[in-house]
Novice: 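Have a look at this one.
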Amino acid sequence: TQSTRPQRLLGAVQKNATRGDPRSVVQAIDQFCRQKEWAMNVGDEKGCILDSVVSEVNPATVLELGTYCGYSTVRIASLLPPHAKLITLEFNPDFAAIARQVIAWAGVEDKVHLVEGASGDWIPKMTEQFGVKTFDLVFLDHWKDRYLPDTMLMEECGLLRKGSILLADNVICPGTPDYLEYVRSSLRYESQYFKSHLEYTKVEDGLEKSVFLG
Ligand SMILES: O=C(NCc1cccc(CNc2ccc3[nH]ncc3c2)c1)c1cc(-c2ccc(F)cc2)cc(O)c1O
Ligand SMILES: [Mg+2]
């Protein structure tokens with residue numbers, strides 16, 4: 001039977017990366033996606049912007065919406081201080097199964113809690129299930145039409161505090177026009193666009209960083 005792209009990506013990690021070395025896992029995935037098969041990881045160029053925001057925020061609690069194969073999960077987790085927690089939501093069980101193995105290969109499983117399910121179902125349960133009061137950083141990288149409703153849901157559930165950072169992938173390609181309009185026009189957010197490129201291509205894309213003002 002045919003393997004899937006996530007399975008082939010995991011194979012490249014297990015073949016080319018060193019167990020317990022997150023940077024080698026990130027490098028192995030980027031190499032696979034540049035030389036073999038494109039995949040929708042945030043990638044190396046936008047990944048550097050993600051790294052700088054994570055390092056600047058130095059978050060104790062992180063929510064990632066959209067794990068896929070765990071590439072950005074590993075990038076973020078490798079930069080977290082000890083005892084920090086990263087909760088990552090993945091709706092697709094096949095993606096989740098691969099991501100668990102990529103996260104384990106990188107040796108960052110102690111900082112990561114991968115939850116299988118949909119953001120709309122799990123965001124209201126964050127506090128009761130994981131004891132999280134608010135998130136210092138949220139990385140949005142799931143279905144693009146869910147960015148806005150999930151942001152409103154996080155506000156309603158009190159999961160954002162003054163200074164919480166939202167970092168959204170793909171605001172140009174594939175694009176999240178309703179989300180961009182909201183965070184750029186709302187008086188409750190201070191937004192900044194980081195111009196970059198769609199992973200592994202020359203197509204324009206970028207990350208939008210939005211600070212919740214409370
Ligand atoms: O669409 C994208 N990613 C999201 C996505 C996509 C598919 C499945 C899932 C299933 N995972 C999922 C769903 C719902 C969920 N709710 N809570 C968690 C959760 C998790 C998620 C995407 C596309 C492109 C792209 C493609 C083609 C092209 F030409 C240009 C660009 C580039 C990207 O960087 C992208 O991020
Ligand atoms: Mg993305």
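Just so you know, these numbers come straight off a predicted model, no measurement behind them. Start at 1 and go down the list; that is how both ligands and their atoms are numbered.
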Novice: Using residues 103-117 as the side-chain source, report each donor-acceptor pair under 3.5 Å to any protein atom, sequence neighbours left out, with the distance given to one decimal.
Specialist:
residue	atom	partner	partner atom	Å
W105	NE1	A17	O	3.1
K111	NZ	P81	O	3.3
E116	OE2	R100	NH2	3.3

Novice: Near W38, which atoms of ligand 1 are under 4.0 Å from a heavy atom of that residue?
Specialist: 25 (C), 26 (C)
Novice: Please check if a non-hydrogen protein atom sits closer than 4.0 Å to atom 29 (F) of ligand 1.
Specialist: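 When distances to the protein are checked, atom 29 (F) of ligand 1 has no heavy atom within 4.0 Å.
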Novice: Given 3.5 Å as the limit, does a donor-acceptor pair link the side chain of D136 with the main chain of A60, or not?
Specialist: yes
Novice: Could you name each residue pair satisfying side chain to side chain donor-acceptor pair (under 3.5 Å) that touches residues 120-130, not counting sequence neighbours?
Specialist: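 Listed once each, the pairs would be none.
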Novice: Would you mind running through ligand 1 and noting each atom that sits below 4.0 Å from a heavy atom of F91?
Specialist: 12 (C), 13 (C), 14 (C), 15 (C), 19 (C), 20 (C)
Novice: Nearest to atom 7 (C) of ligand 1, what protein heavy atom do you find, and at what distance?
Specialist: M40 CE, 3.5 Å
Novice: At distances under 2.8 Å, what protein N, O or S atoms surround the Mg ion (ligand 2)?
Specialist: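 Result, waters dropped: D141 OD1, D169 OD2, N170 OD1.
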Novice: If the condition is side chain to side chain contact (heavy atoms under 4.5 Å, CB included), which residues does S3 pass it with, not counting sequence neighbours?
Specialist: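 Here the qualifying residues are Q7, R8.
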Novice: Kindly determine whether I98 and L10 satisfy side chain to side chain contact (heavy atoms under 4.5 Å, CB included), including the steps that lead there.
Specialist: CA-CA 7 Å; I98 296 297; L10 172 62; 3.9 Å; yes
Novice: Taking the cut-offs as 6.0 angstrom to the six-membered ring centre and 45 degrees off its axis, would you call R184 and Y193 a cation-pi pair?
Specialist: yes
Novice: Sub-3.5 Å donor-acceptor pair from the side chain of E45 to the main-chain atoms of H197, do we have one?
Specialist: yes
Novice: I need the minimum non-hydrogen distance between V203 and C173, along with the two atoms involved.
Specialist: CG1-SG, 4.2 Å
Novice: With heavy atoms of D169 as the reference, note each atom of ligand 1 found under 4.0 Å away.
Specialist: 34 (O)
Novice: Geometry only, no angles: is K46 polar-contacting ligand 1 at N/O separations under 3.5 Å?
Specialist: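 Between K46 and ligand 1 (N or O atoms, distance only) the closest approach is not under 3.5 Å.
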Novice: If the cut-off is 4.0 Å to any non-hydrogen atom of D141, which atoms of ligand 1 fall inside it?
Specialist: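 Under 4.0 Å from D141, ligand 1 has these atoms: 3 (N), 4 (C), 36 (O).
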Novice: For atom 5 (C) of ligand 1, state whether the nearest protein heavy atom is under 4.0 Å away.
Specialist: yes
Novice: Select one of side chain, backbone, both or neither to describe which atoms of V42 lie under 4.0 Å from any atom of ligand 1, heavy atoms only.
Specialist: neither
Novice: Any idea which heavy atoms bring G120 and P124 closest together, and the distance?
Specialist: O-CD, 3.3 Å
Novice: Can you list the atoms of ligand 1 that are under 4.0 Å from a heavy atom of S119?
Specialist: 16 (N), 17 (N)
Novice: Can K144 be said to touch ligand 1, with heavy atoms closer than 4.0 Å?
Specialist: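 Yes.
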Novice: Which residue holds the protein heavy atom closest to atom 18 (C) of ligand 1, what is that atom called, and what is the gap in Å?
Specialist: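 Of the protein heavy atoms, L89 O, 3.5 Å lies nearest.
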Novice: At less than 4.0 angstrom from any non-hydrogen atom of E90, what atoms of ligand 1 do you find?
Specialist: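 Near E90, meaning under 4.0 Å from one of its heavy atoms, ligand 1 has 10 (C), 11 (N), 12 (C), 20 (C).
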Novice: Indicate the atoms forming the closest heavy-atom contact of C157 with I123, along with that distance.
Specialist: SG-CG2, 4.2 Å
Novice: If you have a sec, work out which protein heavy atom is nearest atom 23 (C) of ligand 1 and how many Å separate them, to one decimal?
Specialist: P174 CG, 3.7 Å
Novice: Of the protein's non-hydrogen atoms, which lies at the shortest distance from atom 35 (C) of ligand 1, and what is that distance?
Specialist: N170 OD1, 3.3 Å
Novice: Can you tell me which residue among E199, E204, E208 is in a salt bridge (charged side-chain N to carboxylate O under 4.0 Å, His left out) with K46?
Specialist: E199
Novice: Tell me, which protein residue and heavy-atom name are nearest atom 34 (O) of ligand 1, and how many Å apart are they?
Specialist: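 Checked against all protein heavy atoms, atom 34 (O) of ligand 1 sits closest to E199 OE2, 2.5 Å.
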Novice: Take R34 and D44 through the salt bridge (charged side-chain N to carboxylate O under 4.0 Å, His left out) test and state the conclusion after the steps.
Specialist: CA-CA 10 Å; R34 283 194 179 284; D44 42 2; 3.2 Å; yes
Novice: So, Y68 versus H142, ring centres under 6.0 angstrom or not?
Specialist: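 Aromatic pair excluded; centres sit 6.0 Å or further apart.
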Novice: Which atom names give the shortest non-hydrogen contact between N41 and Y200, and what distance separates them?
Specialist: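 Distance-wise, the nearest heavy atoms are OD1-OH, 3.5 Å.
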Novice: Please determine if K144 and D141 form a salt bridge, counting it only when a charged side-chain N lies under 4.0 Å from a carboxylate O.
Specialist: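 Yes, charged N to carboxylate O under 4.0 Å.
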Novice: I want to know if ligand 1 touches W143 in the polar sense, i.e. an N/O pair below 3.5 angstrom.
Specialist: no
Novice: Is W122 close enough to touch ligand 1? Criterion: a residue heavy atom under 4.0 Å from a ligand atom.
Specialist: no
